[in-house]
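Here is the naming used below: chain letters follow the sequence lines, and residue numbers restart at 1 for every chain.
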Amino acid sequence: MMDLFSLELEQFFTNDTFLNATKRLKHVSLGLDGLKIDEVCFGKLKDEILSQTYAPTPLKELFIPKENKNELRHLGIPSFKDKIAQNMLAFELNKYFDKLFSSSSYAYRQGKSYKNAVFRARDFFRKYSHVIKTDIKDFFESINHEILLEILNVHIVDKRIIRLITLWIKNGEFLRYSYFKHHKGVHQGDVLSPLLSNIYLNQMDKFLEQNGLDFVRYADDFVIFTVSEQDATNTLKMLKNFLLTIKLNLNQNKTAIHDKFSDFTFLGVNFKGDELSISDEKFRQTLAKLSSQIKQQEINTAITNLNAYISHLKTIKLQLFSPEQKENFNAHFNQTITNLVRKFIKILDKKAIADALLNLEFAYPVANTLKKQLLLSYYKNAKLPRVKSITATLEAKKREYLRNFAKDSVLHVTTPFLFLAILQGKFVLKQNGKITHKFPISKINQIIINTQISLSSAVIYECSKRKISIDFIDEKTNLSYATLFTSNNAIPKNTTSQISILKTKKS
DNA sequence: ATGGTAATGAC
RNA sequence: CUUGUCAUUACCAU
């Protein structure tokens with residue numbers, strides 16, 4: 001007989017779990033009801049939920065740019081009361097469902113981390129010759145409600161819980177005044193979503209296990225190991241067919257079969273067979289982060305920050321550096337410390353600096369005699385004029401030009417009472433009917449207005465066509481109070497659908 | 001040991 | 001006025 005989730009709502013909707021839930025949630029970003037975390041009344045929430053009169057607030061739809069990518073992340077932000085309710089349930093559900101999950105599933109689970117996943121994958125690759133690297137297309141947004149609810153229904157005894165979860169996943173989103181229904185997928189931002197996503201993909205884990213396949217899965221990102229290319233091809237075909245039965249598809253252009261000699265990236269780590277490394281881009285980021293630790297008013301806080309960052313790096317990244325990267329890292333580290341000393345050499349005496357440096361943690365083990373030499377060299381080098389590295393010298397010049405280009409391409413209007421229009425294919429600024437400035441449209445990619453001016457509709461039309469954004473900045477606060485058009489088309493897409501609605505008779 | 005904050009980093 | 005889960009590290013308090 002299978003173990004079931006037999007807890008009833010009353011058993012975990014208590015004052016204690018309420019307090020726990022409020023602690024675990026961020027206290028920023030209000031939902032649409034505008035309630036702050038300390039304005040949520042537990043008594044009322046509990047009554048509503050137990051009596052099934054509870055209704056979640058629609059989510060706040062938001063698009064934020066993904067890091068280093070020209071894509072947007074679609075978020076739905078629930079109100080605090082809904083987050084709290086979900087959190088209280090998630091805690092118990094997590095405990096129950098975690099027992100059912102595969103040991104090869106690593107995301108969002110207590111005691112598991114992406115590091116474990118990386119090393120597990122490496123260990124598997126020592127036993128196999130081929131690997132399928134793939135991920136699922138629009139995973140969160142593709143989860144099928146009926147299939148998910150069916151699974152939950154099998155395990156959860158108290159059906160009021162099923163009703164709650166249904167309310168949450170089917171809850172719609174507001175973008176400004178436009179409401180978007182939610183027929184499929186779980187919201188990115190809901191507390192329960194990570195767990196629900198694991199429950200859903202547990203079906204695939206079980207399928208892979210039944211077929212005797214070794215794999216490592218982190219959310220929708222996973223690798224499957226095989227003994228030959230043919231085996232990999234067959235497995236992939238079989239997997240695709242299975243995924244169709246749970247309404248999922250693979251991301252075609254991120255799916256590939258690799259042998260021990262071709263590189264691929266999994267969880268931010270470069271794999272080449274069982275040899276791990278980190279990408280040049282990530283490596284540069286690491287160096288930049290290291291340097292940024294010394295931007296401190298006090299030498300001791302700078303050292304504390306550096307030590308914290310180094311300790312953090314030791315837990316995984318340092319183990320993944322190639323010999324070349326190690327060497328570069330050490331050079332950069334030495335340079336960073338020299339810069340730090342240079343910054344404080346005028347205001348602190350030699351002893352104060354030496355005392356601070358003695359606390360310094362090194363990324364790699366350093367013998368005591370060598371350590372003394374290094375510390376001394378930092379002090380000596382700091383006295384010399386600063387000589388930038390070749391790349392830094394070129395970078396600085398590059399940035400200077402980028403700034404200039406940006407200056408050229410942004411039309412920033414600060415003089416009041418002008419009229420911005422389009423004439424003969426150019427943006428023109430007029431004062432009392434006379435043209436004072438002209439700008440070629442093709443060169444402009446942003447317009448910033450922080451004063452009171454007039455704007456012709458032709459300008460707005462041209463800007464929308466060319467995806468030139470217009471920002472209106474408040475003179476006093478320097479904050480943007482309105483933006484017309486973004487360079488990304490995710491939002492305009494919704495806007496156009498709204499316009500098409502307004503054109504109908506129903507409008 | 002247990003409680004808190006602030007980083008980073010995977011999705 | 002940029003979410004969620006998990007992990008790691010550092011610091012502080014008892």
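Among the nucleotides rU2(C), rU9(C), rC6(C), the one closest to the side chain of H312(A) is rU9(C). Listed nucleotides rU8(C), rU2(C), rG4(C) differ in distance to L25(A); the shortest reach to its side chain belongs to rG4(C). The side chain of K115(A) lies closest to rU8(C) when the candidates are rC1(C), rC11(C), rU8(C). Counting only heavy atoms from C-beta on, A308(A) has its side chain closest to rA10(C) among rA7(C), rU3(C), rA10(C). Side-chain atoms of V191(A) lie closest to rG4(C) of the nucleotides rU9(C), rG4(C), rU2(C).
A salt bridge links D123(A) to R126(A): at least one charged side-chain nitrogen sits closer than 4.0 Å to a carboxylate oxygen. Using a 4.0 Å cut-off between charged nitrogen and carboxylate oxygen, E146(A) and K170(A) count as a salt-bridge pair.
Both Y114(A) and F140(A) lie near RNA chain C, and the one whose nearest nucleotide falls closer to the 5' end is F140(A). Between K289(A) and A219(A), it is K289(A) whose nearest contact on DNA chain B lies nearer the 5' terminus. With the nearest nucleotide of RNA chain C identified for both P78(A) and R24(A), P78(A) has the one nearer the 5' end. Residues K23(A) and Y108(A) both approach DNA chain B. Their nearest nucleotides, taken by heavy-atom distance, put K23(A) toward the 5′ side.
Environment of CZ in F12(A): crowded, with over 12 heavy atoms of neighbouring residues, nucleotides or ligands closer than 6.0 Å.
When the C1' atom of rA10(C) is taken as reference, atom CG of N307(A) falls 9 Å away, rounded to whole Å. Taking atom CG on N116(A) and atom C1' on rU8(C), their separation rounds to 10 Å, with Å as the unit. Y309(A) places its OH atom 18 Å from the P atom of rU8(C), with the value rounded to the nearest Å. Separating the CG atom of L313(A) from the C1' atom of rA10(C) is a distance of 12 Å, rounded to the nearest angstrom. The distance between atom CG of L192(A) and atom P of rC6(C), rounded to the nearest whole Å, is 12 Å. Whole-Å rounding puts the L318(A) CG to rU9(C) P distance at 14 Å. One atom, CG of D190(A), and another, C1' of rC6(C), lie 17 Å apart when rounded to the nearest Å. Taking atom CG on L62(A) and atom C1' on rC1(C), their separation rounds to 9 Å, with Å as the unit.
D220(A) comes within 4.0 angstrom of the backbone, heavy atoms only, and of no base. No engagement by K66(A) is indicated, since no non-hydrogen atom pair under 4.0 Å with the nucleic acid exists. Using a 4.0 Å heavy-atom cutoff across all strands shown, S193(A) reaches no nucleic acid atom at all. As judged by a 4.0 angstrom heavy-atom cut-off over every strand, G76(A) is placed among residues making no nucleic acid contact. Base contact: I64(A) has a heavy atom under 4.0 Å from a base atom.
F321(A) and F283(A) have their aromatic ring centers within a separation under 6.0 angstrom. Here F362(A) and F333(A) bring their ring centres to under 6.0 angstrom of each other. Taking the six-membered ring for Trp, F271(A) and F125(A) have ring centres at least 6.0 Å apart.
Protein chain A contacts DNA chain B from dG4(B) to dC11(B), reading 5' to 3' and using non-hydrogen atoms of the protein with a distance under 4.0 Å.
For the atom pair I278(A) CD1 and Q319(A) CD, the distance stands at 12.0 Å (nearest 0.5 Å). Atoms CD1 and CG, from I77(A) and D82(A) in turn, are 12.5 Å apart once rounded to the nearest 0.5 Å.
Applying a 4.0 Å cut-off to non-hydrogen atoms, the residues of residues 79-99 of chain A that approach RNA chain C are K83(A), N87(A), listed by residue number.
Between Y106(A) and D221(A), the side chains place no donor N or O within less than 3.5 Å of an acceptor N or O (distance only, hydrogens not considered). In summary, the side chains of R217(A) and N202(A) do not present any donor paired with an acceptor at a separation below 3.5 Å, with no hydrogens or angles considered.
Within the structure, side-chain hydrogen bond (donor to acceptor under 3.5 Å, both in side chains) contacts touching residues 282-293 of chain A (residues at least two apart or in different chains) are T286(A)-K317(A), S291(A)-H332(A).
A gap of 14 Å separates the P atoms of dA7(B) and rC1(C), to the nearest Å.
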